[in-house]
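Read the numbers this way: they start at 1 and go in the same order the structure lists the ligands and their atoms. Owing to the predicted nature of the structure, the values given are computational and were not obtained by experimental measurement.
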Amino acid sequence: MKHYAVFGHPVAHSLSPRIHAAFGREAGIAIDYQAIDADVGSFRARLSEFAVRGGAGANVTLPLKQEALALCADVTERARRAGAVNTLVRNGDDWHGDNTDGEGLVRDLTGRHGLDLRARRTLLIGAGGAARGVAPSLLDAGIGDLYIVNRTSSRADALADLLGQPGRVHPRHLADIGTLGEFELVVNATSAARGGAMPVLPRSLVGRRMAAVDLNYGEAATPFLAWGRASGAYAVVDGLGMLVEQAALSFARWHGARPETDEIYGELRAEHAHLVTAD
Ligand code: ATR
């Protein structure tokens, strides 16, 4: 049996082992998928031990996605553009890196939630790892202008530079958020609600048929989604569907076929219904 795992810190509450077990059952593939706790300092050693034990593939979550990029012998174009790896594939004695987060988000928004992203004037709040992971895919999906706001404006500038589309991507300081006009898609890619409080977001951001999307799920998504609902957003979406879709894309990299995602998504959604209701 081949071994798979998710590495992160903390990782004990990761839903990935459950999601991959469900995919394996559905595909008729016996897989062993575990959660392995590793911080930045111990990641390389834990991953080497895993490879020695027959590790064939891994997911990488916070705070290891940039470190994962650095240790890969080669990476896909989308991982390079995101500056982060969430999927590792064992290739001989090396690791090959990919990033399925952005495509996972786009699949969830367009496929599951039926949103047409094309030409949407978009606001991305945050410029850390999560924002970097999804920005290239949002641009590729055909959104209109992309405004990136961040508390530390130099990080918004750096992300905009990395994306390399100066006519279309506009970095701004979070403090100027009230001057940016209306948006049709607002994506919360900050970790603010995990550690403290979400920044105050003005109602002036809310355009007609605006979708409010949080890359977090569970309690960490509650404040932003509450803002979206209270502001009259047309669609309010948390990160649970993205989590399932990025997992399915990782599964496809390892096993050659993308699994059906509706059943496990439905199960997880039912369990999270007391926290959020995504439309
Ligand atoms: P992740 O991988 O989850 O994106 P990260 O790389 O540490 O984690 O990035 C966290 C993001 O949330 C950053 O954009 C951060 O802003 P800074 O770059 O200014 O630190 C943002 N963030 C975290 N707490 C915040 C808060 N209380 N208010 C506003 N932004 C916050």
Side-chain angles (χ1 to χ4, degrees), residues 6-11 13-16 37-41 43 59-70 78-88 97-105 122-138 146-163 169-180 183 186-202 205 212-228 237-240 242-243 246-247 250:
V6 55
F7 289 81
H9 182 76
V11 80
H13 298 293
S14 169
L15 293 174
S16 292
D37 199 284
D39 58 16
V40 173
F43 178 41
N59 284 125
V60 180
T61 186
L62 297 178
L64 305 174
K65 291 183 185 184
Q66 274 161 279
E67 184 67 14
L69 179 87
R78 60 188 180 181
R80 191 191 58 73
R81 285 173 75 204
V85 157
N86 81 332
T87 305
L88 293 167
D98 195 359
N99 193 320
T100 63
D101 283 334
E103 190 185 336
L105 173 67
T122 297
L123 177 66
L124 180 62
I125 308 171
R132 287 164 64 125
V134 301
S137 299
L138 289 172
L146 176 64
Y147 285 77
I148 303 172
V149 294
N150 199 45
R151 182 178 60 178
T152 311
S153 58
S154 58
R155 287 184 94 191
D157 294 342
L159 175 54
D161 284 349
L162 185 75
L163 294 168
V169 178
H170 316 282
R172 294 287 187 272
H173 197 284
L174 182 60
D176 297 332
I177 199 167
T179 66
L180 302 180
F183 292 92
V186 177
V187 179
N188 177 35
T190 73
S191 58
R194 275 182 255 150
M198 264 306 286
V200 176
L201 303 176
L205 297 175
V213 175
D214 201 319
L215 303 187
N216 300 285
Y217 63 89
E219 277 164 17
T222 304
F224 177 76
L225 298 184
W227 170 81
V237 179
D238 72 359
L240 193 61
M242 170 184 167
L243 178 77
Q246 63 79 29
S250 297

Enquirer: Do any heavy atoms of R132 fall under 4.0 Å from ligand 1?
Expert: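 Per 4.0 Å heavy-atom rule, R132 does not contact ligand 1.
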Enquirer: At what distance is the nearest protein heavy atom to atom 19 (O) of ligand 1, and which residue and atom is it?
Expert: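 Answer for atom 19 (O) of ligand 1: T152 OG1, 2.5 Å.
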Enquirer: Record the part of Q66 in heavy-atom contact with ligand 1 below 4.0 Å; permitted values are side chain, backbone, both and neither.
Expert: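 None of Q66 does.
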Enquirer: Considering non-hydrogen atoms of the protein only, which is the closest contact for atom 31 (C) of ligand 1, and what is the distance?
Expert: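 Its nearest protein heavy-atom neighbour is R151 CZ, 3.8 Å.
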Enquirer: Please state whether the rings of F183 and Y147 are parallel, tilted or perpendicular, taking 30° and 60° as the class boundaries.
Expert: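 If you compare the ring of F183 with that of Y147, the planes turn out perpendicular.
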Enquirer: If I apply the N/O under 3.5 Å rule, does A127 come out as touching ligand 1?
Expert: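 Min N/O separation from ligand 1 is below 3.5 Å for A127.
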Enquirer: Where's the contact between L62 and ligand 1, heavy-atom distance under 4.0 Å: side chain, backbone, both or neither?
Expert: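 Side chain only.
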Enquirer: What protein heavy atom lies closest to atom 8 (O) of ligand 1? Include the residue and the distance to one decimal.
Expert: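 The closest one turns out to be G129 N, 4.3 Å.
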Enquirer: For P63 and ligand 1, answer yes if some heavy atom of the residue is under 4.0 Å from a ligand atom, otherwise no.
Expert: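 Judged by the 4.0 Å heavy-atom criterion, P63 does not count as contacting ligand 1.
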Enquirer: In the protein, what heavy atom is nearest to atom 21 (C) of ligand 1, and what distance, to one decimal place, separates them?
Expert: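 Protein heavy atom with the smallest distance to atom 21 (C) of ligand 1: T190 CB, 3.7 Å.
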Enquirer: For atom 14 (O) of ligand 1, which protein heavy atom lies nearest, and how many Å away is it?
Expert: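 Of the protein heavy atoms, N150 OD1, 2.6 Å lies nearest.
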Enquirer: Show which atoms of ligand 1 fall inside a sub-4.0 Å distance from at least one heavy-atom site of S191.
Expert: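 That gives atoms 10 (C), 11 (C), 12 (O), 23 (C) of ligand 1.
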Enquirer: Run the numbers on N59 and S250 for side chain to side chain donor-acceptor pair (under 3.5 Å), then give the verdict.
Expert: CA-CA 8 Å; N59 284 125; S250 297; 3.0 Å; yes
Enquirer: Given V213, which partner from the list V187, L124, D238, L225 fulfils the side-chain contact (heavy atoms from CB on, under 4.5 Å) test?
Expert: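 Among V187, L124, D238, L225, the one meeting side-chain contact (heavy atoms from CB on, under 4.5 Å) with V213 is V187.
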